[in-house]
Amino acid sequence: MKKVLAFAFLITALLVSKGAYSIGITAEGYARETPPGPSMSAAFVSLHNTGDSSQVLTGVELPGVEQASADLHTTISENGINRMRPLDQLTIAAGASVDMAPGGVHLMIKGLRLQAGEELPLRLLFADGSSVDILVPIVRMRDEGEHHHHHHG
């Protein structure tokens with residue numbers, strides 16, 4: 001019996017470490033095409049927590065894209081000037097949603113030129129060790145308001 005329990009625990013630990021279980025987070029979003037100049041852009045993701053406990057987003061990776069990075073940021077107003085500041089984490093309460101949007105919380109994408117019509121892979125990393133992989137469409141800034149969300153997660 002102990003061997004069966006040990007084996008079951010090992011399999012569960014392996015599945016959890018790979019994020020292969022449902023954490024109750026659904027995500028959808030889009031990324032902006034990179035404007036002329038430095039290779040910097042932004043992505044906006046809506047997160048919905050259908051689970052029974054809060055989830056804490058602690059990081060974002062760009063799977064398969066070695067030279068680039070993605071960081072969680074927010075925009076704050078200081079003396080009438082909007083400035084971006086890094087965020088260490090973003091909490092999504094049980095049963096709640098968080099919508100990233102221009103002028104607020106967003107993902108900064110650095111070191112990668114994004115082309116409208118393509119897709120960007122994102123891996124959302126959570127404090128409990130789980131992750132959610134999504135693919136977001138890349139849109140032109142002028143088409144941003146017309147963007148239709150695609151469900152992933």
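Computed from a predicted structure; not experimentally measured. Both backbone and side-chain heavy atoms feed into the values below; hydrogens, waters and symmetry mates do not.
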* Val98 with Leu122, same ILVMFWY side-chain cluster at under 4.5 Å -> yes

* Distance from Leu47 atom CG to Ile134 atom CD1, nearest 0.5 Å? -> 7.5 Å

* Side-chain heavy atoms under 4.5 angstrom apart, residues restricted to Ile, Leu, Val, Met, Phe, Trp, Tyr: same cluster for Met84 and Ile109? -> no

* **Nearest heavy-atom neighbours spanning Ala93 and Ser54** => CA-OG, 3.5 Å

* To do: With the side chain counted from C-beta on, respond yes when Phe44 and Val139 share a heavy-atom pair under 4.5 Å apart, and no when they do not.
  => no

* To do: Please report the shortest heavy-atom distance between Gly29 and Pro137, naming the atom on each side.
  => O-CD, 3.3 Å

* Examine Leu124 and Leu87 and state if one hydrophobic cluster contains both, with Ile, Leu, Val, Met, Phe, Trp and Tyr joined whenever side-chain heavy atoms are less than 4.5 Å apart. => yes

* To do: Grab the two heavy atoms, one from Thr58 and one from Phe126, that are nearest each other, plus how far apart they are.
  => OG1-C, 3.8 Å

* So Leu125 and Val60, side-chain contact (heavy atoms from CB on, under 4.5 Å) or not? Walk me through it. -> CA-CA 6 Å; Leu125 307 173; Val60 179; over 6 Å; no

* **Residue pairs fulfilling side chain to side chain donor-acceptor pair (under 3.5 Å) with at least one residue in residues 33-45, sequence neighbours excluded** => Ser39-Arg113

* Asked: Gln89 versus Leu72: any side-chain heavy-atom pair under 4.5 Å?
  -> no

* Structure fact -> Sorted by chain and residue number, the ring-ring contact (aromatic ring centres under 6.0 Å, His included) partners of His73 (sequence neighbours excluded) come out as His106

* Asked: Can you tell me how far OG1 of Thr50 sits from CD1 of Ile25, rounded to the nearest 0.5 angstrom?
  -> 7.0 Å

* What about Val136 and Leu112, same hydrophobic cluster or not, with Ile/Leu/Val/Met/Phe/Trp/Tyr joined at side-chain heavy-atom distances under 4.5 Å? -> yes

* Structure fact -> Rounded to the nearest 0.5 Å, the CG atom of Leu62 sits from the NZ atom of Lys110 at a distance of 11.0 Å

* To do: Would you please name every residue forming a salt bridge (charged side-chain N to carboxylate O under 4.0 Å, His left out) with Glu118, sequence neighbours left out?
  => none

* **Atom pair CG (Leu107) and CZ (Arg32), whose distance is rounded to the nearest 0.5 Å** => 12.0 Å

* To do: For Ser131 and Arg123, work out which heavy atoms get closest and say how close.
  => CB-CG, 3.9 Å

* Met100 to Leu90 - nearest heavy-atom pair and separation -> CE-CD2, 4.0 Å

* Linking I/L/V/M/F/W/Y whenever any side-chain heavy atoms sit under 4.5 Å apart, do Met108 and Val105 land together? -> no

* Structure fact -> Rounded to the nearest 0.5 Å, the CZ atom of Arg83 sits from the OG1 atom of Thr75 at a distance of 12.0 Å

* 4.5 Å side-chain heavy-atom contact, Asp71 and Pro86 -> no

* Starting at CD1 of Ile76, measure out to CD of Glu78 and round the result to the nearest 0.5 Å. => 4.0 Å

* To do: Report, as yes or no, whether the 6.0 Å neighbourhood of atom CG on Asp88 holds more than 12 heavy atoms from other residues, nucleotides or ligands.
  => no

